[in-house]
Amino acid sequence: MERPDALAVWLHLVEQTRREAGLAMVDELAKAGITASLGDASAAPRNALGVVLFEAWSEGLAELLSALSARATLLAVCCGPALSADAMWAALAAGASDLLQWPAGGAAADVAAQAAARLRRWQAVQRLMDSAAVQASLVGNSPAWRALVRNVVEVAAFTQSSVLITGETGTGKEQIAQLIHRLGRGAAAGAAGEMVVVDCTTLSPELAGSEFFGHERGAFTGAAAARDGAFALADGGILFLDEVGELPLPMQEQQYKRVGSNTWQPTRFRLVCATNRDLEAGVADGSFRADLYYRIAGWRCRPPPLRERQSDILPLAQHFIRLLAPGDVCCELDPALKEFLLTRDYPGNVRDLRQTVARIWHRHCGPGPITIGDVPPDERPRGAAVWPDSCFASAIRHAVDLGVGLGRITQAAGDMAIQLVLEQENDNNQRAASRLGVTDRALQLRRKAWSTAG
């Protein structure tokens with residue numbers, strides 16, 4: 001019978017790596033309850049965990065890590081000469097989640113113990129990422145979004161750190177705060193209470209003390225009864241300060257007891273703050289207190305704007321339609337409407353997309369797919385969709401500025417297109433090949449080349 005915490009991973013040996021090292025790693029991981037399959041990583045299931053053993057850093061290895069990391073969480077293990085700091089950072093940049101050094105003459109058991117600890121943690125994080133709570137609240141599968149969700153899940157479930165969420169309006173900052181609350185409930189002491197939201201844009205210096213700390217009866221004119229403030233209400237849960245960058249400087253400087261009382265009230269909560277302002281710039285110009293910034297920024301995250309996660313536009317649109325559609329009604333988007341949604345600008349990010357989809361949905365009627373006729377007349381494009389667009393040009397410009405040659409740009413663009421389509425087609429090679437305009441065999445050979453690179 002399989003153990004409840006059973007974990008299976010794949011292990012890939014880069015060319016020239018001693019097979020004995022791989023076999024020793026397989027044996028030691030087995031002692032830790034982890035089954036490692038030594039073989040071709042290209043056939044591994046998506047969202048799997050993998051270990052890549054190599055002896056020397058190379059550009060080919062970077063390409064391999066980049067290709068494999070699109071479908072798996074990778075631990076890279078160097079069992080050759082010690083790597084330079086630059087090579088270690090390059091391995092992470094290429095897609096490895098962590099890198100271990102297996103020193104010459106070092107025991108396989110020691111490095112396997114380090115590997116097992118990381119693989120177990122990543123397994124727990126992946127299970128949470130696949131849970132209904134996460135899937136329903138943070139929709140998207142683009143690399144940038146998945147990286148953010150992974151970090152949010154880990155900090156929410158395995159720490160009680162304060163969290164500062166920064167980013168443009170409409171990128172999902174409050175949804176992230178709500179997920180931190182849900183995942184943290186019961187995970188540690190002080191995580192079982194409610195989430196109390198304070199909108200800092202509505203606070204005035206005169207009433208801030210009462211809002212945050214509560215007041216006693218008769219503490220000021222109109223205080224007809226005692227009232228708990230946000231600090232007391234958030235005890236055992238989360239205090240979420242929305243738009244904390246708008247907190248006026250005088251309110252940052254004061255310390256309060258409960259208004260009208262001389263007694264300090266104990267409370268324990270996790271502090272989560274969000275803002276679309278650059279607080280580091282505020283610290284530099286004196287508009288935001290440095291000591292407060294470092295208290296609230298125990299861990300920082302920045303949800304990417306929608307233009308940096310364009311592959312999530314259609315999944316998000318379909319998610320919003322499912323929320324709007326009554327019962328189990330299924331409404332597909334016709335191809336022209338998909339193109340419209342993919343090429344439209346969203347200055348308000350995900351919130352803007354949601355409102356756009358709602359306007360289209362409310363014009364739709366009857367059976368069949370939602371069509372371009374459902375797009376409000378004043379929102380219809382004036383001409384044909386343009387591609388390559390500005391986002392594509394920006395990515396190419398960035399590569400050129402980094403000194404990347406044309407051959408590597410072409411290779412990377414092709415590999416990325418394959419990875420994205422395979423992801424959308426649930427790893428169905430035949431459907432992916434058809435969409436990309438290549439033969440099934442050609443796509444299989446391209447994928448096989450990824451696993452033998454390095």
Contacts of Gln135 that satisfy side chain to side chain contact (heavy atoms under 4.5 Å, CB included) - sequence neighbours left out: Asp130
With sequence neighbours left out, the residues meeting salt bridge (Lys or Arg N to Asp or Glu O under 4.0 Å) with Arg397 are none
On a heavy-atom basis, which atom in Pro326 and which in Trp361 lie closest, and how many Å separate them? CD-CZ2, 3.8 Å
Determine which pairs satisfy side chain to side chain donor-acceptor pair (under 3.5 Å) with at least one residue from residues 86-100, sequence neighbours left out, and list them in order. Asp98-Arg118
Using a 3.5 Å cut-off and no angle test, enumerate the donor-acceptor pairs between side-chain atoms of residues 432-440 and protein atoms at least two apart in sequence or in another chain.
unit_1, atom_1, unit_2, atom_2, d
Arg435, NH1, Gln424, OE1, 2.9
Arg435, NH1, Glu425, OE2, 3.0
Arg435, NH2, Gln424, OE1, 2.9
Thr439, OG1, Ala442, N, 3.0
Asp440, OD1, Asn429, ND2, 2.3

Check for a donor-acceptor pair, side chain of Asn428 on one end and backbone N or O of Gln430 on the other, with a separation under 3.5 Å. yes
Is there a donor-acceptor contact under 3.5 Å from the side chain of Asp334 to the main chain of Pro369? no
With Asp285, which residues qualify under side chain to side chain contact (heavy atoms under 4.5 Å, CB included), at least two apart? Ser287
Going by the rule side-chain hydrogen bond (donor to acceptor under 3.5 Å, both in side chains), which residues pair with Thr171 if we only count those two or more places apart in sequence or in a different chain? none
Would you check if the side chain of Asp312 reaches a backbone N or O of Asn141 as a donor-acceptor pair within less than 3.5 Å? yes
Salt bridge (Lys or Arg N to Asp or Glu O under 4.0 Å) partners for Arg146, two or more places apart: none
Closest non-hydrogen atom pair between Glu280 and Tyr293, with its separation: OE2-OH, 3.1 Å
List the residues meeting side chain to side chain contact (heavy atoms under 4.5 Å, CB included) with Ala177, not counting sequence neighbours, and say none if there are none. Ile165, Met195, Phe240, Val272
Without swapping roles, check the side chain of Asn276 against the backbone of Glu168 for a donor-acceptor pair under 3.5 Å. no
Parallel under 30°, tilted from 30 to 60°, perpendicular over 60°: which one fits the rings of Phe54 and Trp57? perpendicular
All heavy atoms of Val244 vs all of Cys200, minimum pair found to be CA-SG, 3.9 Å
Restricting to side-chain hydrogen bond (donor to acceptor under 3.5 Å, both in side chains), what partner residues turn up for Ser137, sequence neighbours left out? Arg182
Would you name the heavy atoms of Leu99 and Leu75 that are closest together and state the gap between them? N-CD1, 4.3 Å
Considering only NZ, NE, NH1 and NH2 on the basic side and carboxylate oxygens on the acidic side, decide whether Asp27 and Lys31 come within less than 4.0 Å. no
Qualifying side chain to side chain donor-acceptor pair (under 3.5 Å) pairs, either residue in residues 401-410, two or more places apart: none
Verify the distance criterion only: is there a donor paired with an acceptor across the side chains of Arg300 and Thr166 at less than 3.5 Å? no
How would you list, by chain and number, every residue that makes a side-chain hydrogen bond (donor to acceptor under 3.5 Å, both in side chains) with Arg121, sequence neighbours excluded? Glu154
NZ/NE/NH1/NH2 to OD/OE distance under 4.0 Å, Asp415 and Arg446: yes
Any residue meeting side chain to side chain contact (heavy atoms under 4.5 Å, CB included) with Ser161, in chain and number order, not counting sequence neighbours: Val155, Thr159, Trp299
How about Glu332: does its CD atom have over 12 heavy atoms from other parts shown lying under 6.0 Å from it? no
